[in-house]
Amino acid sequence: MVNWRRLPVVRHPCADLLIVQLLGILVYPFLGDQPLGRAIFSIFGLFVLVLAVMAVRMTPALNWISAILGLPVVVLTLWEAISPGTETVVLWSSVFHAAFYFYTAFALLRYMFDDHVVTTDELYATGATFTVVAWGFAYVYLAVAIVWPDSFSVVQDPLHAKAWFEMLYLSVTTMTSLGMSDIIPIRSQARAVGMLEQIAGMLYIALAVARMIALTVPRTAAREQRQRKSSD
């Protein structure tokens, strides 16, 4: 009989969430700009959503909040796939997507800071939290582009299927502080969101990653010390 609890997808949901999001970055350019490609990616987004919910369920965060935020995300994602290019649907979908991913990031942070022992899944959560926040800001940028047209230099039509991927590109380059994005925020609203993401990226590296390293290094040193004693 299969022991479902020992399957990787159950044991390490944060690792699955991280891998799927990274795969999404690689797959999206090959889907094209047609409605079919957008629909395929919407279905893929639902799969990411399920993994995110699984990750949140492993945290001390309130599951009912993720369910409340996740339900309209599912409905609006399917609506986008059926009727692509509808401004109101894309706007509200972006808002709820951003809220869900930011709450997931909050839950993952609580997961990492909940105890003083670093598990394997908590290490994966370090990377998953980064990608979740990047996806959340991408949806915020998309909402800003719809509410305030011409907020970004390159994005001509925020309802175009390719616009979200351009926003994700801007989000990742902003959060990593690489500054190599050819998409430039023009309006003050877009620049304000960009500054918030820059601050969030710096704080995340300073707090979360530093804490993971601080808890992992002593554990590794203690294990090496036990190995030396056993060899003696």
### Task
Would you give the length of the straight line joining atom CG of Leu76 to atom NE2 of His97, rounded to the nearest 0.5 angstrom?
8.0 Å
### Query
When rounded to the nearest 0.5 angstrom, what distance separates CZ in Phe100 from CH2 in Trp135?
12.0 Å
## Note on the structure
OG1 of Thr129 to CZ of Phe106, rounded to nearest 0.5 Å, is 12.0 Å
### Query
Who else is in the cluster with Ile186 when I, L, V, M, F, W and Y are joined by side-chain contacts under 4.5 Å?
none
#### Entry: Side chains of Leu23 and Ile19 in contact at under 4.5 Å (non-hydrogen atoms)
yes
### Query
Is the Phe165 ring parallel, tilted or perpendicular to the Tyr28 ring (thresholds 30°, 60°)?
parallel
For residues 145-155, tabulate all N or O donor-acceptor pairs below 3.5 Å that involve a side-chain atom, not counting sequence neighbours.
unit_1: Ser151; atom_1: OG; unit_2: Trp148; atom_2: O; d: 2.4
unit_1: Ser153; atom_1: OG; unit_2: Ile184; atom_2: N; d: 3.0

### Query
Hey, what do you get for CG (Leu142) to CZ (Phe137), rounding to the nearest 0.5 Å?
14.5 Å
### Message
Is there a continuous path of hydrophobic side-chain contacts, each under 4.5 Å between heavy atoms, that joins Ile25 to Val27?
### Response
yes
### Task
Could you grab the distance from atom OG1 of Thr104 to atom CG of Leu69, nearest 0.5 Å is fine?
8.0 Å
### Query
Between Ala98 and Val140, which heavy-atom pair has the shortest distance, and what is it?
CB-CG2, 3.7 Å
### Message
I'd like to know if Ile68 and Leu78 are part of one continuous hydrophobic network [Ile/Leu/Val/Met/Phe/Trp/Tyr, side-chain heavy atoms within less than 4.5 Å].
### Response
yes
### Query
Can you name the closest pair of heavy atoms from Ala143 and Val95 and give their distance?
CB-CG2, 4.5 Å
## Note on the structure
Note: Met175 and Ala134 closest approach over all heavy atoms is SD-N, 4.0 Å
### Message
Minimum heavy-atom separation for Pro185 and Arg191, please, with both atom names.
### Response
O-NE, 2.9 Å
Donor-acceptor contacts, no H, no angles, side chain residues 197-210, under 3.5 Å, sequence neighbours left out:
unit_1: Glu197; atom_1: OE1; unit_2: Tyr141; atom_2: OH; d: 2.6
unit_1: Glu197; atom_1: OE2; unit_2: Ser171; atom_2: OG; d: 2.5
unit_1: Tyr204; atom_1: OH; unit_2: Thr126; atom_2: O; d: 2.2

### Query
When rounded to the nearest 0.5 angstrom, what distance separates CZ in Phe96 from CG in Leu91?
10.5 Å
### Task
For Ala128 and Leu17, work out which heavy atoms get closest and say how close.
CB-CD2, 4.3 Å
#### Entry: 4.5 Å side-chain heavy-atom contact, Gln21 and Tyr101
yes
